[in-house]
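First up is the structure itself, then whatever we jot down about it.
We name chains A, B, ... by the order of the sequence lines, and we start the count at 1 in each one. Here the structure is a predicted model, which means the values were calculated and not measured.
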Protein chains: 2
Amino acid sequence: MMKGTEASCDMRLLYSFFNIHKNLVRLAKETAANNGLTMPQFSVLMMIAPHKKMTQKILGERMFMPKSTLSQAVESLVKAGFIRRRPVEGNRRELELILSDEGEAFFNDLLSQEDGVAKCFSRACHALSEQQYRQLLEAHEVLAEVLKKQGEIKSC
Amino acid sequence: MMKGTEASCDMRLLYSFFNIHKNLVRLAKETAANNGLTMPQFSVLMMIAPHKKMTQKILGERMFMPKSTLSQAVESLVKAGFIRRRPVEGNRRELELILSDEGEAFFNDLLSQEDGVAKCFSRACHALSEQQYRQLLEAHEVLAEVLKKQGEIKSC
DNA sequence: TTTAAACTGTTCAAAAATGAACGATTATGA
DNA sequence: TCATAATCGTTCATTTTTGAACAGTTTAAA
């Protein structure tokens, strides 16, 4: 709990997040564009891939992405053959999105590109000590926990 | 320097940044919308305000914002009376952007809104220890330093 | 000097993202 | 049961963002 330091100081951390954010978005946009993807398409793929499959509903909730944007991003990824789509059994309203083999290969390729956001970030991580890395993960988890409760949380 | 842990582990930190990012963008969009601003307008204001003045060129470089987007965001902030605009003396190509008194008041108001991104983030910071806060700042600085050197850095 | 190249910001047509209305399905409860 | 409300995803008109061409200014080199 911050004591002497006040809100004005919190701004410093906020700007520091913004600074990292700027750079990661720039690299992500470059990576996406270099691979013929828009940002929503790229984000959706990055979000689904580690889980192999995910409901479109859950995906939207996790990403805070407007459902019209999400719907179109998914549509194009399906057309590109990176994900398949099938109704959730027991609830025909929802769709389950499944990473295809092509999608998995494409994802792995994205991660391995030297000028991609993943490798660039990985190189940046090398500048951190193991301890710093762990502390960063922990602190982020604490912050994320509180942040996700803030705001209206209106359905996107 | 990470030893045993490998690239796959770096991905965990990358996803952790994405998680914070998502929430901050969501809160920033809400804050912007609640105050009649688009995201570029909001970002530009947040970027100029602490410095009171800045050239449009520097602003673009710092934000990685396409210059057409920047130009329009600035135009609307000028029309709204939050910033003034004058040619840089000694170089009539560049423009200097100066925060007006109205702009400063508006900025301070944005920071003080209970449901605004600043206060929300500030509340989240309270969940961190002072030590965690300092470590976070330090680690971010290290990462930002490396990140900003990565990628094409083509002029936006 | 004069000319060509580089730089800074604006404009505008094209592309991308979004809100609102909608269709289809499921849940609620009278 | 049946009617109403809520949920999930799509469509499409509108808004927002962006790249590319451009105009004005400055720099560099001939």
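Atom CE of A:M63 and atom C1' of D:dG9 are 15 Å apart (whole Å). The distance from atom CG of A:L59 to atom P of D:dT10 is 12 Å, rounded to the nearest whole Å. Spacing between atom CZ of A:F42 and atom P of C:dA17 amounts to 13 Å, rounded to whole angstrom units. Separating the CD atom of A:E96 from the P atom of D:dG9 is a distance of 11 Å, rounded to the nearest angstrom. Rounded to an integer number of Å, the gap from A:R86 CZ to D:dG9 P is 14 Å. Between A:F64 atom CZ and C:dG19 atom C1' there is a gap of 19 Å when expressed in whole angstrom units.
A salt bridge does not link A:R134 with A:E130: none of the charged nitrogens is closer than 4.0 Å to a carboxylate oxygen. Using a 4.0 Å cut-off between a side-chain N of Lys or Arg and a carboxylate O of Asp or Glu, A:R84 and A:E96 do not qualify as a salt bridge.
The heavy-atom pair separating B:M47 from B:M54 by the smallest distance is O-CE, 3.7 Å.
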Contact list (N/O, under 3.5 angstrom) for nucleotides 14-16 of chain C vs protein:
none

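A:T31 contributes a side-chain N or O that, together with a main-chain N or O of A:L27, makes up a donor-acceptor pair within less than 3.5 Å.
Evaluation of the ring-ring contact (aromatic ring centres under 6.0 Å, His included) test over residues 39-63 of chain B, restricted to residues two or more places apart or in two chains, returns none.
For B:F18, the ring-ring contact (aromatic ring centres under 6.0 Å, His included) partners are B:H21, not counting sequence neighbours.
At a cut-off of 3.5 Å, with distance as the only test, no side-chain donor of A:E141 or B:N19 sits close to an acceptor on the other residue. Inspection of the B:Q131 and B:S129 side chains reveals no N or O donor paired with an N or O acceptor under 3.5 Å.
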Its contact letters, B for base, S for sugar-phosphate only and - for none at protein heavy atoms under 4.0 Å, make nucleotides 2-8 of chain C read ----BBB
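Within residues 69-84 of chain B, the residues having any heavy atom closer than 4.0 Å to DNA chain D are, in order of number, B:T69, B:Q72.
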Can you list the steps and then say if B:L13 with A:C125 is a side-chain contact (heavy atoms from CB on, under 4.5 Å)?
CA-CA 9 Å; B:L13 185 55; A:C125 284; 3.9 Å; yes
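Ring geometry for B:H140 versus B:F17: interplanar angle of 30 to 60°, hence tilted.
Here A:R92 does not reach the OP1 or OP2 of D:dC8: none of its side-chain N or O atoms lies under 4.0 Å away.
Each of A:K29 and A:I58 lies near DNA chain D, and the nucleotide nearest A:I58 is the one positioned closer to the 5' end.
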Pairs under 3.5 angstrom only: tabulate donor-acceptor contacts from the side chains of residues 56-63 of chain B to other protein residues two or more places apart or in another chain.
none

